[in-house]
Amino acid sequence: MSDNSSSTASTATSATGALHVELPADKELVLKVIPLPADCNANGDIFGGWVMAHVDLAGSVLPARRAQGRMATVAVNQFVFKQPVRVGDLLSFYSEVTHVGRTSITVNVEVYAERIRTQGRYLKVTEASVTYVAIDDQGRPRPLPQPVA
């Protein structure tokens, strides 16, 4: 999915040159979290793996509604770190379903940081595309239930 579909509009530039954006109106807010000091490296930035784990959780919210049972992450199709995440940032995770197959669902997740010193202004820090598959009790792919009309 291209960046122009994210419905974000730049409103200002931060001291680091990053564009402040508006939060997407066409995606669903699925998670908000604040990283803590235990989640950061020696430079004070949040570990990329911590962000990835939260993207996986946020990405699973919409597929879980459709799968109505067990599911597993089967692919991280794309993962882009755009800006560092810092201790104390309020992170907002927005998700949208981009593809539904017979057993799988692909979602795009966008992560926005509200810095502690610039509250009310947002930076897009991460975006990812993740695919989940519905699985049965033996861990084998199973067909997704048909959507309820």
Side-chain angles (χ1 to χ4, degrees), residues 1-101 103-135 137-141 144:
M1 173 178 251
S2 65
D3 207 23
N4 62 0
S5 65
S6 66
S7 296
T8 56
S10 62
T11 57
T13 303
S14 72
T16 62
L19 291 179
H20 289 279
V21 297
E22 295 190 22
L23 297 174
D26 60 340
K27 294 173 181 54
E28 186 169 344
L29 176 63
V30 292
L31 179 67
K32 280 194 163 215
V33 66
I34 299 173
L36 301 174
D39 307 317
C40 74
N41 61 26
N43 297 319
D45 296 325
I46 300 305
F47 288 117
W50 183 93
V51 175
M52 293 177 86
H54 284 80
V55 165
D56 191 24
L57 288 171
S60 70
V61 171
L62 300 180
R65 291 178 187 162
R66 178 71 187 271
Q68 298 175 10
R70 290 183 66 196
M71 60 181 199
T73 308
V74 295
V76 176
N77 309 307
Q78 176 189 4
F79 207 104
V80 179
F81 294 101
K82 296 179 161 292
Q83 297 288 328
V85 174
R86 300 183 183 131
V87 171
D89 285 352
L90 175 58
L91 299 182
S92 299
F93 295 73
Y94 286 82
S95 185
E96 73 173 333
V97 173
T98 58
H99 178 77
V100 177
T103 63
S104 66
I105 300 175
T106 300
V107 296
N108 280 347
V109 179
E110 295 180 353
V111 185
Y112 296 84
E114 184 177 7
R115 304 283 194 216
I116 198 162
R117 291 195 172 115
T118 57
Q119 294 195 12
R121 297 171 73 186
Y122 303 92
L123 297 171
K124 187 177 193 180
V125 294
T126 304
E127 62 186 8
S129 172
V130 186
T131 301
Y132 302 86
V133 67
I135 57 175
D137 290 337
Q138 289 71 46
R140 293 183 301 248
L144 290 166

Original post:
Between Ser129 and Thr106, does a side chain to side chain contact (heavy atoms under 4.5 Å, CB included) hold up when you go through it step by step?
Top reply: CA-CA 7 Å; Ser129 172; Thr106 300; 3.5 Å; yes

**OP:** Please assess His20 against Thr118 for the test side chain to side chain contact (heavy atoms under 4.5 Å, CB included), listing each intermediate value before the final yes or no.
**Re:** CA-CA 10 Å; His20 289 279; Thr118 57; 4.3 Å; yes

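In terms of heavy-atom proximity, Pro84 sits nearest to Val125 at O-CG1, 4.1 Å. Between Val109 and Ser95, the shortest heavy-atom distance links the atoms CG2-OG, 4.1 Å. When every heavy atom of Ser104 is checked against every heavy atom of Leu144, the shortest pair comes out as O-CD1, 3.6 Å. Annotation for Val55 and Thr126: closest pair CG2-CG2, 4.4 Å, computed over non-hydrogen atoms. Across Met52 and Phe79, no two heavy atoms sit closer than the pair CG-CZ, 3.4 Å.
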Name the atoms and distances for all side-chain donor-acceptor pairs under 3.5 Å in residues 30-42, with sequence neighbours left out.
{"unit_1": "Asp39", "atom_1": "OD1", "unit_2": "Trp50", "atom_2": "NE1", "d": "3.3"}
{"unit_1": "Asp39", "atom_1": "OD2", "unit_2": "Leu36", "atom_2": "N", "d": "2.8"}
{"unit_1": "Asp39", "atom_1": "OD2", "unit_2": "Trp50", "atom_2": "NE1", "d": "3.4"}
{"unit_1": "Asn41", "atom_1": "OD1", "unit_2": "Asn43", "atom_2": "N", "d": "2.9"}
{"unit_1": "Asn41", "atom_1": "OD1", "unit_2": "Gly44", "atom_2": "N", "d": "3.2"}
{"unit_1": "Asn41", "atom_1": "OD1", "unit_2": "Asp45", "atom_2": "N", "d": "3.1"}

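Counting only heavy atoms from C-beta outward, the side chains of Glu110 and Glu96 never approach each other to under 4.5 Å. Residues Arg70 and Asp137 meet the side-chain proximity criterion, which asks for heavy atoms closer than 4.5 Å. Looking at Leu62 and Ile105, their side chains never come closer than 4.5 Å, going by heavy atoms from C-beta outward. Looking at heavy atoms from C-beta onward, Ser92 lies out of side-chain contact with Glu114 at the 4.5 angstrom threshold.
Atom NZ in Lys82 sits 9.5 Å away from atom OH in Tyr112 (nearest 0.5 Å). Between the CE atom of Met71 and the CD1 atom of Ile135 there is a distance of 9.5 Å, given to the nearest 0.5 Å. The NE2 atom of His54 lies 6.0 Å from the CZ atom of Phe93; values are rounded to the nearest 0.5 Å. To the nearest 0.5 Å, atoms OH (Tyr122) and CG (Leu23) are separated by 5.0 Å. Separating the NZ atom in Lys124 from the CD atom in Gln83 is a distance of 11.5 Å, to the nearest 0.5 Å. If you take CG on Leu123 and CG on Asp89, they are separated by 8.0 Å, rounding to the nearest 0.5 Å.
Around CD1 of Ile116, the count of heavy atoms belonging to other residues, nucleotides or ligands within 6.0 Å does not exceed 12.
A donor-acceptor distance shorter than 3.5 angstrom exists from the side chain of Tyr132 to the backbone of Asp56, with no hydrogens or angles considered.
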